Amino acid sequence: MLDKHYDATGVEQKLYERWDDSGAFSIGSRDNAQPYTIVIPPPNVTGSLHMGHALNNTLQDILIRHERMRGRDALWQPGMDHAGIATQMVVERQLAEQGLDRRDMGRDAFIEKVWQWKAESGGLIGKQLRRLGASADWSRERFTMDEGLSEAVLKVFVDLYEEGLIYKDNRLVNWDPKLLTAISDLEVQQQEVKGHLWHFNYPIEGEECRYITVATTRPETMLGDTAVAVHPEDERYKGLIGKHAVLPLVGRRIVIVADDYADPEQGSGAVKITPAHDFNDFEVGKRHDLEMINILDREARINENAPEAYRGLDRFEARERVVADMEAQGLLVEIEDHTHMVPFGDRGGVPIEPWLTEQWYADAATLAAPAIKAVEEGKTKFVPENWTKTYYEWMRNIQPWCISRQLWWGHQIPAWYGPDGEVFVAHDEDAAQVKARAHYGEDVALERDPDVLDTWFSSALWPFSTLGWPEETPELQRYYPTDVLVTGFDIIFFWVARMMMMGLHFMKEVPFHTVYIHALVRDEKGAKMSKSKGNIIDPLELIDEYGTDALRFTLCAMAAPGRDIKLSKQRVEGYRNFATKLWNAARYCQMNGCAPDATFDPAMAKETVNRWIVSEMARLRLRLDEAMASYRFNDAAQALYQASWNIFCDWYLEFTKPILLGTDEAAIKETRAVTAWALDQLLIMMHPIMPYVTEELWQQLDDNRETQLIRSGWPEYGEEAIDADAAAEMDWVVRLISLIRGIRSEVNVPAGAKITALVKDGGDIAETRMARHQDLILRLARLETITPSQEIPKGSAQAVIDGATVVLPLESVIDIEAEVARLKKAVGKAEGEITGIDKKLSNEKFLANAPDEVVEEQRERRAAAVETRDRLKEAVARLEA
RNA sequence: GGGCGGUUAGCUCAGCUGGUAGAGCGGCUGGUUUACAUCCAGUAGGUCGGCGGUUCGAACCCGUCACCGCCCA
């Protein structure tokens, strides 16, 4: 017998082990089935489960479990990302606590430390994903730095280099002066900062007391100025173009150039140009062939290219000094308050510095072309579709991808330098030596490039590297391309776009047919969850409190496409109650001997209530599969919730009580079988979303099941299983009972009081239905009797259903006036409807243009409303008589 | 500045191709109806942000304005 209460925590651990141990998550046992593949967005090895992961992985698991039950050979490929900067920072911080510095211990020892850290405390998130119920094939778990994936990275780098799609270049990069590495555009966050705009006078060369005024938010960069730019059409400065200014503090002669970049509307219209420290100025510098003077070292201190007085100063100290010195020389014109955007490194947290260095780049524009085309041709579709535009927007304006990082943790770049700096890119040092020998004609000492690759370089290969590439494995053959990628919009650029590029380039096929973009999870006020705001809701705490199923159902129910999710505990609690409801319903079934019977065919059911619930299950199955096919997770959740609670529990189980308590053995037997069958259907269809409570019930309700629920088949019945007559009949019964309950409540009949009901003008249909379902109508409407009658006692409460008048003789308790008012209100409502429909039906254009079925529907609706109104009017007349 | 999204019941949100506005929570009323008080029954509450247009018909399509949010400069 089922326990009185469902113990989520105990059940979850037990079942997860049972699934995993039995190989339920593994591929390899369904060779004839069509494969279905999802690769997990690999969480950072440093990560712990937050709400975004919970949502992301719940949705993937729902898809995987659904397809697995539908018979597909479902592979959910798990793994983790080495997360270059993030991981290196974690380990460095730990070392710092012990007073150690990676630079003292050396590269190899440091990397050793990182691996050690990974073995000990990395991968916590894997355990957490298991608590979430993730049915990934853990036997295939991969890591972006493992041997096979590293091999893939090497091959991709060497191949792209040989094709000219990877190259070295000397240009401005986003330099993080704290982490001492280049970072990509995407790792830079623009933040609004309240600063100042300093207006400086630069003296014009050879002209006494003539100045050109420039404004800047970064005074210290003037030490590297090599020009002043003005707009070519700007009348104020036409005479100065081609002349020179003398750079104060430095004394350098700098040219005044004409360039569209100078905006006449901004400030004075003249702008100082520092080509080595600003991306826009860099472009201006190239156009005018200006000298590029780098005045900052890698930690953003002033270097030897600036006058001695400033050398060694930090960039912010230098700023103060420059302003003070300019003021002392009388060249500071004005200081304006100014709010502007400052680029910050998303990891280091300090303003990044545009800095001139040599780095490795991937030719993103060339790689992007096929990736754009594939989406244009519909080979990969975004759901919701509007993300396509975001993808295009970025891909069509893509910049060279800086792929080198000055870190130690990551894939070291396979490039070796000869004594003269000649570079040899090869799979390994031996291969590089061969190339070097060919170049120099003799063996030389080679030195490997110390840099590592951007973390996203390896994750770009994830959909095929995890399947064994570059080896031609059977898995690669079978499971690539994958089916759907589930992710948040925040990494469309970082990850999705790059997987598209690499997948198409190396596999010649898109990595996935569908990209499902889900929402961001926010707190209940709509703010993005973050540690600094302290508004993080920990999914594991919710799991502890309400159970995994409740959390999963909540996330699924809220995953409407295209909108952020505001998560509240109250909602989770509601779905915990839903799981409890299901548990109790199952207990009830068990107590009433409704045991699953595999040989029972629901199509054979004779009782109307049973035929009806079979129809309802068929309708659910159709709705559910449609919702799943279009990734409408919220619709799927809603369909299940309604069918379970509002149909199965609220009505069906109540309907069958009179049968089960009765004496008709054949009906009892059939009803038990159908009840057990319907419950099974709910468990099956609910399982992808609420795997634990459903599996537990599945196993406890029948000890003899041959399969676990996770492996059971998905229903296939559909329209043919729907009995429209039974549905109409039970719908009428539901409405009748609701109607009577409503009247009782409105005229204040005590809940416990049993009363009688009469039905006038019911006709054959209503009378047959009444007779057939008398027991359950009496029980659910709490009536003594219900009988057809043309006689209506004085002072009765009345209501109308499908042309029949339901009469509750209550002369002693009823307030006639109130009852008349109630009925008149109903008359008014019916008349309002009739008027509305008449307006349409008398409109010739409506009759001419609307589809026939719409017109017909309006006519039927009018007829019904007229009938209802007339019956209600009669009822009023009887009361007033 | 460019792009995207939002504005529907007190709150949080559904409403897919235009054809009678829905759910959960909360509120109110009443319930020890032998599965469930983590429950049951009933009930109130909406000019679908404003204005204009298209249409026989608009929460839904178009235009415009207002406010909110996100992304990219």
Side-chain angles (χ1 to χ4, degrees), chain A residues 2 4-6 185-186 188-190 279-280 341 343 384 386-390 392-394 397 489-490 492-493 519-520 522 524-528 546-547 550 554 557-571 573-592 594 626-627 630-632 634-635 637-638 641-642 645-646 649-650 653-654 657 661 737-746 748-752 754 779-782 832-833 836-837 839-851 853-855 857-858 861-862 864-865:
Chain A
L2 290 170
K4 175 130 190 178
H5 296 286
Y6 170 58
D185 296 346
L186 291 171
V188 175
Q189 304 297 328
Q190 301 289 335
F279 287 100
N280 288 312
M341 300 305 270
N386 54 301
W387 291 110
T388 313
K389 201 161 175 178
T390 306
Y392 287 148
E393 198 72 27
W394 192 68
N397 298 297
F489 63 83
D490 47 335
I492 291 180
F493 306 145
L520 217 63
R522 297 171 178 277
E524 44 203 313
K525 295 190 190 84
K528 194 168 171 176
Y546 300 109
T554 306
M558 304 195 74
R563 216 204 261 240
D564 289 345
I565 295 178
K566 290 183 199 160
L567 191 72
S568 75
K569 279 179 95 165
Q570 215 177 30
R571 195 84 187 248
E573 189 181 337
Y575 291 121
R576 185 275 317 269
N577 295 352
F578 178 52
T580 305
K581 183 76 180 177
L582 197 65
W583 181 265
N584 284 316
R587 259 182 89 227
Y588 163 84
C589 293
Q590 194 182 45
M591 288 163 76
N592 282 281
C594 305
E626 195 188 336
S630 47
Y631 303 95
R632 303 177 71 86
N634 58 319
D635 283 356
Q638 199 192 0
Y641 187 94
Q642 275 182 354
W645 200 317
N646 304 122
C649 292
D650 287 349
L653 292 184
E654 297 302 328
K657 281 178 182 172
L661 294 170
I737 293 167
S738 299
L739 198 67
I740 296 171
R741 282 173 172 172
I743 302 172
R744 290 180 60 120
S745 178
E746 278 181 55
N748 295 317
V749 175
K754 293 238 174 173
R779 182 187 172 95
L780 297 183
R782 303 195 65 71
E833 196 180 346
I837 297 171
K839 214 172 140 192
K840 281 189 183 175
L841 289 174
S842 62
N843 183 339
E844 280 178 35
K845 286 183 178 170
F846 172 71
L847 297 177
N849 294 317
E853 61 268 25
V854 171
V855 176
E857 194 192 329
Q858 295 295 322
R861 198 177 290 159
R862 183 181 190 283

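What you see is a predicted model, and the numbers here were worked out from it, not measured in a lab. Protein chains get the first letters and strands the later ones, always in sequence-line order, with residue 1 at the start of each.
Taking atom C1' in both B:rC28 and B:rC4, the straight-line distance is 42 Å, to the nearest Å. The same atom, P, is picked in B:rA9 and in B:rA59; the two are 15 Å apart, to the nearest Å.
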Find every protein N or O atom lying less than 3.5 Å from an N or O atom of nucleotides 56-59 of chain B, and list the pairs.
unit_1 : atom_1 : unit_2   : atom_2 : d
B:rC56 : OP1    : A:Asn849 : ND2    : 3.2
B:rC56 : O2'    : A:Asn843 : ND2    : 2.7

Are any protein N/O atoms closer than 3.5 Å to N/O atoms in nucleotides 38-41 of chain B? If there are, list each pair with its distance.
unit_1 : atom_1 : unit_2   : atom_2 : d
B:rU38 : O4'    : A:Asn577 : OD1    : 3.4
B:rU38 : O2     : A:Arg576 : NE     : 3.1
B:rU38 : O2     : A:Thr580 : OG1    : 2.6
B:rC39 : OP1    : A:Asn577 : ND2    : 3.1
B:rC39 : O3'    : A:Lys581 : NZ     : 3.2
B:rC40 : OP1    : A:Lys581 : NZ     : 2.9
B:rC40 : OP1    : A:Trp645 : NE1    : 2.5
B:rA41 : O3'    : A:Arg741 : NH1    : 3.4

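Each of A:Asn646 and A:Arg782 was matched to the nucleotide of RNA chain B holding its nearest heavy atom; the match closer to the 5' end belongs to A:Asn646.
Comparing B:rA14, B:rC72, B:rC36 against the side chain of A:Gln638 picks out B:rA14 as the nearest. Of the candidate nucleotides B:rU12, B:rG26, B:rA35, B:rU12 has the atom lying nearest to any side-chain atom of A:Met558. Side chain of A:Phe489, nearest nucleotide from B:rA35, B:rA14, B:rC70: B:rC70. When distances run from any side-chain atom of A:Ala751 to the nucleotides B:rC72, B:rG30, B:rG5, the shortest one goes to B:rG30. If you check B:rC25, B:rA35, B:rA14 against the side chain of A:Ala585, the one that comes closest is B:rA35. For A:Glu857, counting side-chain heavy atoms from C-beta on, the closest listed nucleotide (B:rU20, B:rA35, B:rA14) is B:rU20. Side-chain proximity of A:Tyr641 to B:rG24, B:rC71, B:rG5: nearest is B:rG24.
Regarding A:Tyr546, its OH atom lies at a distance of 19 Å from the P atom of B:rG24, rounded to whole Å.
For B:rA73, the base has no donor-acceptor partner in the side chain of A:Glu393 [N/O atoms by modelled type, under 3.5 angstrom].
Taking the ring centroids of A:Tyr546 and A:Tyr575, they lie at or beyond the 6.0 Å cut-off.
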Next on the checklist: Output the pairing pattern of RNA chain B as a dot-bracket string, 5' first, Watson-Crick or G-U wobble with both distances under 3.5 Å, | for cross-strand pairs, [ ] for crossing pairs.
Outcome noted: (((((((..((((.....[..)))).(((((.......))))).....(((((..]....)))))))))))).

Show me the donor-acceptor pairs, under 3.5 Å and distance only, between side chains in residues 576-589 of chain A and residues at least two apart or in other chains.
unit_1   : atom_1 : unit_2   : atom_2 : d
A:Thr580 : OG1    : A:Arg576 : O      : 3.1
A:Trp583 : NE1    : A:Asp3   : O      : 2.9
A:Asn584 : ND2    : A:Thr580 : O      : 3.2

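The side chain of A:Arg861 places an N or O atom within less than 4.0 Å of a non-bridging phosphate oxygen (OP1 or OP2) of B:rU20. The side chain of A:Arg632 contributes an N or O atom lying less than 4.0 Å from OP1 or OP2 of B:rG15.
Remark: A:Arg782 engages A:Arg744, A:Lys754 in a side-chain contact (heavy atoms from CB on, under 4.5 Å) (not counting sequence neighbours). Applying the salt bridge (charged side-chain N to carboxylate O under 4.0 Å, His left out) test to A:Arg632 and every residue at least two apart in sequence or in another chain returns A:Asp635.
Among the heavy atoms of the strands, none lies under 4.0 Å from A:Lys754.
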